[in-house]
Amino acid sequence: MRYSELFISTLKEDPAEAELISHKLMVRSGMIRKLATGIYSYLPVGLKVIKKVENIIREEMNAGGAQEVLLPVLSPAQLWQESGRWALYGEELMRLKDRHQRDFCLGPTHEEVITDLVRQQVRSYRQLPVNLYQIQTKFRDEIRPRFGLMRGREFIMKDGYSFDRDEKGVEVTYQKMYQAYSRIFQRCGLRFKAVEADTGTIGGNFSHEFMVLASSGEEEVVSCRQCSYAVNADKAECRPPQTEPPAFPYAREEAHTPGLKSVPDVAVFLNKPVTVILKTLIIQADNEIILVLLRGDHELHPEKLRKHLNCHEIALADEETVRRVTKAPVGFASPVGIDIHKVIADLTVETMGNFVCGANVEDYHLTDVNWGRDFHIDQFVDIRRVSTQDTCPLCGSGLEINRGIEVGHIFKLGTKYSKMLNATYLDESGQSQIIVMGCYGIGVGRTVAAAIEQNHDQNGIIWPQAIAPYQVLLLPLDVQDKNVLTLVENLYTDLKAAGVEVLLDDREERPGAKFKDADLLGIPLRVNIGARDLAKNQVEIKIRRSGEIFKLVPDDVKNKLMELLGNLS
RNA sequence: CGGGGCGUGGCGCAGCCUGGUAGCGCACCUGCUUUGGGAGCAGGGAGUCGGAGGUUCAAAUCCUCUCGCCCCGACCA
């Protein structure tokens with residue numbers, strides 16, 4: 001491709017709307033352009049990268065035994081009513097009506113459509129297993145679309161669905177998909193972790209999220225430094241503390257703590273470690289007010305609590321409610337003598353004794369408080385956020401916490417949709433059986449964005465070779481010079497003939513401008529061809545990632561490029 | 001949804017408070033000079049100031065409504 005003919009325009013400045021590096025760089029390098037919030041056009045360079053990722057996905061999915069299909073974007077409401085999701089999916093479902101006022105939606109995911117297809121086609125166990133996938137645009141009316149391709153309302157997704165006879169079958173398929181996913185992200189040149197997304201479900205580890213590690217990630221990943229333990233922070237566990245509560249409870253006392261509302265303030269004032277302070281939270285769980293207790297240095301993980309309570313929403317009670325139930329301003333709440341009946345404490349609280357907590361009186365705390373003696377606790381539950389101070393629940397080693405971008409998710413669906421939509425087959429004995437499903441997604445645009453988050457420098461993108469829009473950039477510095485021009489054209493022809501994707505920057509720009517654009521675009525290999533060097537029979541190859549430079553005679557350039565392409569990642 | 005902020009040539013912004021009919025940088029076009037890390041000079045094209053309504057002799061500027069866009073939304077315990 002000749003740059004002069006490429007539909008591209010690069011920007012010197014960051015777009016105002018972009019926050020993330022990947023978003024800024026994708027806009028600046030002319031890969032994407034916004035049409036509306038969370039809705040982007042893919043320009044040629046951007047689309048090229050998208051296609052690269054898609055093809056890697058295709059190859060690995062096919063290798064893993066899946067077959068590609070293409071399902072409609074538009075789907076009739078009936079199907080969604082049948083599965084119950086027309087009512088359940090909520091505002092995120094993009095709904096519309098046709099001219100006859102019939103209800104439709106734009107597919108946010110395709111369980112219904114694929115299950116409908118399979119239930120019509122599959123009659124016998126002989127036809128199973130089936131594993132189908134598609135790469136297609138999805139629509140989700142997100143509450144808060146942001147970060148460019150990272151969280152859009154319209155986005156390209158690979159979604160796959162498997163259909164097996166039974167649990168054993170789906171386990172095999174699941175493992176194949178796990179392997180396929182690992183290879184896909186490896187080939188894309190990403191540093192990632194496959195983390196358990198749902199521990200403790202029937203049958204073991206049957207949901208994994210593939211997380212690309214990046215500080216900008218929206219998810220939190222907890223993993224062990226030693227063993228294979230890796231989970232989403234939502235589900236992270238840790239070893240319960242080994243310490244025992246003190247043998248001798250002291251007599252409870254009151255302490256005057258004027259204006260001290262936070263745990264650290266109280267700890268400093270009373271000259272005690274934060275670990276002997278009890279954190280008392282008044283929580284609104286749907287319509288119920290409950291009391292939640294944590295050690296002073298620990299934080300509540302709302303999602304864990306929400307799951308435990310099996311309710312919809314968890315929030316800190318508002319100030320008014322706190323005043324009403326504690327009869328004190330925010331900051332002095334206490335489980336001692338409070339009129340709340342449901343009291344849940346984190347596991348760690350079990351090991352605490354002679355601790356400090358609020359007094360339900362403004363400017364007062366209580367010291368040497370002990371649970372059991374001074375107040376009642378209903379349940380001890382793991383509800384706190386795991387920290388790097390904690391240890392691995394499996395092996396006891398140290399834990400690390402990283403931020404991650406969820407680029408893929410695989411899970412065993414079971415019979416949820418096949419039951420609802422009546423997708424069955426006849427087994428050997430002529431018995432009707434429900435098909436067991438699995439479901440496998442990859443955010444294609446998000447994977448591209450994640451790749452940039454992991455591969456860039458101050459000057460721009462540094463593409464992993466496998467997903468780079470071009471492998472080689474030919475950069476003639478003097479497009480007027482006959483010798484330069486001849487050499488560059490010959491190289492261009494040769495490389496193309498050798499199957500190398502090459503971009504020739506034939507613009508009559510000054511070298512500086514071309515260099516800047518080259519770095520921004522992030523093509524792995526660049527060939528600088530200038531009249532000055534050429535007079536000395538010399539040409540320069542520069543590696544984008546390392547900055548390494550090779551000076552060679554023109555005749556060696558092609559071979560050196562081919563050699564380098566074989567070694568790059 | 002709640003809170004905050006912003007809409008002015010393709011992009012980034014100033015002008016608004018204190019009304020007088022629009023400006024800067026980048027990009028773009030022409031010419032000359034320049035040419036190894038975003039060149040210089042000269043000339044030029046391009047904006048219903050998001051939209052609607054109102055106040056006024058006069059509105060980018062003041063008022064009302066509306067649409068769009070961006071950011072934040074447990075950490076007080």
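Below, chain A is the first sequence line, B the second, and so on; all start at residue 1. Given the structure is predicted, the values throughout are model-derived calculations rather than measurements.
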Do any N or O atoms of the protein come closer than 3.5 Å to N or O atoms of nucleotides 3-7 of chain B, and which pairs are they?
none

For RNA chain B, which residues of [range] approach it to below 4.0 angstrom with any heavy atom?
range                       : value
residues 137-150 of chain A : A/Arg144, A/Arg146
residues 29-40 of chain A   : A/Arg33, A/Lys34, A/Ala36, A/Thr37
residues 517-526 of chain A : A/Asp517, A/Asp519, A/Arg526

Please output the side-chain donor-acceptor pairs of residues 270-278 of chain A that fall under 3.5 Å, not counting sequence neighbours, one pair per line with the distance.
none

Find every protein N or O atom lying less than 3.5 Å from an N or O atom of nucleotides 24-32 of chain B, and list the pairs.
unit_1: B/G25; atom_1: N2; unit_2: A/Glu13; atom_2: OE1; d: 3.1
unit_1: B/C26; atom_1: O3'; unit_2: A/Lys12; atom_2: NZ; d: 3.3

Hunt down the Watson-Crick or G-U wobble partner of B/G38, both distances under 3.5 Å, from any strand shown, or write none.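 Base partner found: none.
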
Results of salt bridge (charged side-chain N to carboxylate O under 4.0 Å, His left out) for [X] - residues two or more places apart only:
X        : result
A/Asp103 : A/Lys97
A/Asp141 : A/Arg153
A/Arg151 : A/Glu142, A/Glu218

Show every ring-ring contact (aromatic ring centres under 6.0 Å, His included) that has at least one partner inside residues 8-31 of chain A, sequence neighbours left out. A/His23-A/Tyr40

Could you name each residue pair satisfying ring-ring contact (aromatic ring centres under 6.0 Å, His included) that touches residues 262-290 of chain A, not counting sequence neighbours?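 Output for this query is empty, none listed.
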
Side-chain donor-acceptor pairs under 3.5 Å in residues 86-93 of chain A, sequence neighbours left out?
none

